[in-house]
Amino acid sequence: MPKELDNYKFYSITPIDPNVFEDNNSLLEIILARMYSLISNDLQNYNISQHNKLIDLIKEFKDNYEFILKIKAPECCDKTSGLYEGALEKLFKMNDTLNFKQSFSKLVEDLLSYLAEKDKIRKKSYLVIAIDDVDYNLKKSFEIVEQI
């Protein structure tokens, strides 16, 4: 490994195979679930100093999943109210998307901070998201690219 990489720590989630999209999951849902798996073992075996950080991370995961569901299924908006219009639905969705982007960025930062602290690492950390075998399933590949 090049010496320059010694200053960085890379945490990677399990590579995503396009075939997991068969169950109608979105790329964001899969990424979120894989990120959650990075801390799932800690939920059974944590020490007291990690407790509050884990609780906060779990809340962030929950909030981000709710954002994904709202973006994925905007019918949660009240269409029966006199205020609902197609343009208003787009504004709600844009606002949810912007809020999700900020919330997801914070989740990634907090997750990396938690993992680095747990591993006692003082390096700049990055989350690696690999999408595997995209070329084997072109139909799903286009769906993935569209979601990205």
* How far does CD1 of I31 sit from CD1 of I16, to the nearest 0.5 angstrom? -> 4.5 Å

* Heavy-atom check, side chain of D17 versus side chain of I131, under 4.5 Å -> no

* Straight-line distance of K9 NZ to L115 CG, nearest 0.5 Å -> 9.0 Å

* So among L111, V108, V128, L112, which one has a side-chain contact (heavy atoms from CB on, under 4.5 Å) with Y11? -> L112

* Structure fact -> The complete set of salt bridge (charged side-chain N to carboxylate O under 4.0 Å, His left out) pairs with one or both residues in residues 43-52, sequence neighbours excluded, reads none

* Those residues that, when tested against K101, pass side chain to side chain donor-acceptor pair (under 3.5 Å) (two or more places apart) -> none

* **Close side-chain approach of I58 to L43, heavy-atom, < 4.5 Å** => yes

* Spatial distance of atom CD1 (I13) from atom CG (L38) [nearest 0.5 Å] -> 7.5 Å

* Asked: How far does CD1 of I121 sit from OG of S113, to the nearest 0.5 angstrom?
  -> 12.0 Å

* Asked: Tell me, do L107 and M35 make a side-chain contact under 4.5 Å, heavy atoms counted?
  -> yes

* From K59 atom NZ to I55 atom CD1, the distance as rounded to the nearest 0.5 Å -> 12.0 Å

* Do the side chains of K124 and N7 get nearer than 4.5 Å, heavy atoms only? -> no

* To do: May I ask you to test the S26-I68 pair for a side-chain heavy-atom distance under 4.5 Å?
  => yes

* Hey, could you give me the NZ/CG distance between K123 and D6, rounded to the nearest 0.5 Å? => 6.0 Å

* To do: State whether a side-chain donor-acceptor pair under 3.5 Å links S103 with D63.
  => no

* Closest approach of K53 and E117, non-hydrogen atoms and distance? -> NZ-OE1, 2.6 Å

* Structure fact -> Residues at least two apart in sequence or cross-chain that pass ring pair (Phe, Tyr, Trp, His ring centres under 6.0 Å) with Y8, listed by chain then number, are Y126

* Given Y114 and D42, is the side chain to side chain contact (heavy atoms under 4.5 Å, CB included) satisfied, shown in steps? -> CA-CA 11 Å; Y114 169 80; D42 296 349; 2.7 Å; yes

* Asked: Does the pair K62/E66 count as a salt bridge with the N-to-O cut at 4.0 Å?
  -> yes

* Structure fact -> Hits for ring pair (Phe, Tyr, Trp, His ring centres under 6.0 Å) against F61, two or more places apart or cross-chain, chain-then-number order -> Y36

* Residues in ring pair (Phe, Tyr, Trp, His ring centres under 6.0 Å) with F104, at least two apart? -> F100

* Structure fact -> Applying side chain to side chain donor-acceptor pair (under 3.5 Å) to T14 and not counting sequence neighbours gives none

* Asked: Should L69 and E29 count as side-chain neighbours, where that means a heavy-atom distance under 4.5 Å?
  -> yes

* Structure fact -> Closest heavy-atom pair, D132 versus P15, reported as atoms and distance to 0.1 Å, is CB-CB, 4.1 Å

* F10 vs L5, side chain to side chain contact (heavy atoms under 4.5 Å, CB included): CA-CA, chis, key distance, verdict -> CA-CA 9 Å; F10 297 95; L5 293 179; 4.2 Å; yes

